[in-house]
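Read through the structure below, which is laid out as C-alpha cells, and then see the notes.
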Amino acid sequence: ATASSRNVTDANKFISAITILDATDGSGGLNTNYNLPSLDAANAPVTISAKAITMSGLTSSGKIYDGTTNATLGGTASLQSAISAGTGSSSDGKPYDVDSLSLAGTAVGAFNDKDVSDATKVVFSGLSLTGTGEENYSFTNHPDASHSVNTKEVSLSGSKTYDGGVDLMGAVSLLTGVGSETLSYSGASASAKDVSVSHKYINGLTLGDATDGSGGLAGNYQLPSLDAVNAPVSIGTREVSLSGSKTYDGGVNLTGSDVSISTGVGSETLSYSGATVSSKDVAVSNKYIDAITLGDATDGSGGLASNYHLP
C-alpha cells in the first residue's frame, strides 16, 4: 500500500495503490470475494500526522541570585541523525533522510523563577525547525535542565558615634548588589562598644525582607563571614558638652567643680585636667574654656576619655 503523498500538509491524500490478500488470522476471508473501491480521497482517504522530533546538546548551570531568570548556556543544539524513510518509530524523535532539516534561531535559557526558593530548572527556547519537509514534523523543545539559584552574599559595615552600647540598629550599611533591592535587618550588634578597640565587627545580624517596596527577599541572600574583614564596624568619638563656673580668684585655672562635663551617655562621667579660662576677669564678656584635657572617669561610672572628644 502506498499513499498519494507523503507530506502532512498536502490535502486530499488517499491510498494510491494496495493489494488485498487472503486473511491470515483464521477468519476465512478470501481476497477473491472482494474488490477495491475507487482509489481516491473520497473512498480511500489517508491522514498523515506530523512526527515529533527532538533535539539535544545544550547545557546550562546553576547561578548566584542576580534578580533575573537569565541562564547561561553552553553546548550546541542539534537534531538526531536522520534515518531512512519507513524505518524507526513514531516516537524515536528522528527525522527521515528524504527531508533536509536544520535548526534556526538562537538558543536562550531561563530559570523557571528568579528566587532561590522556587528556581528548580532552566527552560530552553529560541530555536525552531526549518528546511525542506519541516511541515512533516512537530518540534519538541530541548529538555529542561535541573538547576538551582543560590543565595548571594551581602556586603555589610557598621558606623556610629559612641553611645556606650554594642547595639547597631540603624547604624548598618547593607548592600545587596542587585539592582535597587534592599533588605531590612534586626538584632545587629558590634563586637565591642569602645572607640579604641581595634578590628571591631558586626558579630550578630538577622536579614529580613525589604520594607521599602524594592522587592528584596532575605531568602535570596546570605551573610558573609562576620569578622573585621567582611563586616567591619567603626565607632566614632562622641562630643562632650562643657561649661565652667567659679568665683573670681585672680587666675585663669579651672579645677574641681569649676568645670561641668556632660557625656550624654547614661551615667558615664569623665575627669579632666589642665583647664583654663580665656580671661580671669568678671567683666570680660564671652569667656570660654580655652584649654582642657579629658581623662577617664574616677568615680566608677566607666567613662573612658578615648570615647569622647572636645567641642
Side-chain angles (χ1 to χ4, degrees), residues 1-25 29 31 34-64 66-114 118-150:
T2 58
S4 59
S5 172
R6 66 181 180 83
N7 295 316
V8 172
T9 56
D10 288 347
N12 301 316
K13 293 185 288 293
F14 58 92
I15 298 172
S16 58
I18 188 171
T19 300
I20 57 174
L21 303 172
D22 294 343
T24 58
D25 60 359
N31 72 316
Y34 299 91
N35 65 280
L36 294 172
S38 298
L39 296 181
D40 54 33
N43 297 289
V46 169
T47 299
I48 299 177
S49 300
K51 181 181 181 180
I53 60 172
T54 58
M55 66 170 169
S56 60
L58 294 177
T59 61
S60 60
S61 59
K63 69 171 184 176
I64 300 297
D66 63 4
T68 74
T69 58
N70 297 339
T72 300
L73 302 189
T76 302
S78 62
L79 299 172
Q80 295 193 68
S81 298
I83 57 176
S84 299
T87 64
S89 69
S90 62
S91 60
D92 60 19
K94 299 176 181 179
Y96 292 111
D97 59 10
V98 293
D99 299 310
S100 179
L101 302 178
S102 61
L103 295 172
T106 302
V108 294
F111 282 87
N112 61 316
D113 197 279
K114 72 177 181 67
D118 296 318
T120 58
K121 62 183 178 180
V122 172
V123 178
F124 300 99
S125 62
L127 295 176
S128 61
L129 200 60
T130 188
T132 305
E134 56 92 9
E135 69 275 4
N136 292 323
Y137 301 90
S138 62
F139 183 55
T140 302
N141 267 331
H142 195 289
D144 298 340
S146 295
H147 291 298
S148 59
V149 174
N150 300 313

Taking C-beta and beyond as the side chain, do [X] and [Y] meet within less than 4.5 Å on heavy atoms?
X: L101; Y: I53; result: yes
X: S125; Y: V108; result: yes
X: F111; Y: S60; result: no
X: L127; Y: H142; result: no
X: T69; Y: K114; result: yes

Exercise for the section: Answer yes if the side chains of N112 and T120 hold a donor-acceptor pair under 3.5 Å, and no otherwise. Expected result: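 T120 and N112 do have a side-chain donor-acceptor pair below 3.5 Å.
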Handout entry: Any side-chain donor near an acceptor of the partner, T54 and T140, under 3.5 Å
Key =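 T140 and T54 do not have a side-chain donor-acceptor pair below 3.5 Å.
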What heavy-atom pair brings [X] and [Y] nearest, and what distance separates the two atoms?
X: D99; Y: R6; value: OD1-NH1, 2.9 Å
X: A1; Y: I18; value: CB-CG1, 3.9 Å
X: T59; Y: G75; value: OG1-N, 3.7 Å
X: P45; Y: A42; value: CD-O, 4.1 Å

Completion exercise
Contacts satisfying salt bridge (Lys or Arg N to Asp or Glu O under 4.0 Å) that involve residues 67-89 (not counting sequence neighbours) are none
Practice task
Give the intermediate values and the outcome of side-chain contact (heavy atoms from CB on, under 4.5 Å) for residues L39 and S16.
Solution key: CA-CA 6 Å; L39 296 181; S16 58; 6.0 Å; no
List the residues meeting side-chain contact (heavy atoms from CB on, under 4.5 Å) with [X], not counting sequence neighbours, and say none if there are none.
X: S138; answer: A50, A52
X: I83; answer: K51, T87, D92, K94, Y96
X: D25; answer: A23, S27
X: K13; answer: S4, S5, D10, V46, I48

If you round to the nearest 0.5 Å, how far is [atom2] of [Y] from [atom1] of [X]?
X: L103; Y: E134; atom1: CG; atom2: CD; result: 11.5 Å
X: F14; Y: D40; atom1: CZ; atom2: CG; result: 7.0 Å
X: N136; Y: S49; atom1: CG; atom2: OG; result: 11.0 Å
X: I15; Y: N43; atom1: CD1; atom2: CG; result: 10.5 Å

Exercise for the section: Could you pull out all residues at least two apart from K63 that satisfy salt bridge (Lys or Arg N to Asp or Glu O under 4.0 Å)? Expected result: D66
Problem - Worked check of side-chain contact (heavy atoms from CB on, under 4.5 Å) between L79 and L129 - result: CA-CA 10 Å; L79 299 172; L129 200 60; 3.8 Å; yes
Practice task
Ignoring hydrogens and angles, tell me if any N or O in the side chain of D22 forms a donor-acceptor pair with the backbone of N31 under 3.5 Å.
Solution key: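 Checking the backbone N and O of N31 against the side chain of D22, a donor-acceptor pair under 3.5 Å is found.
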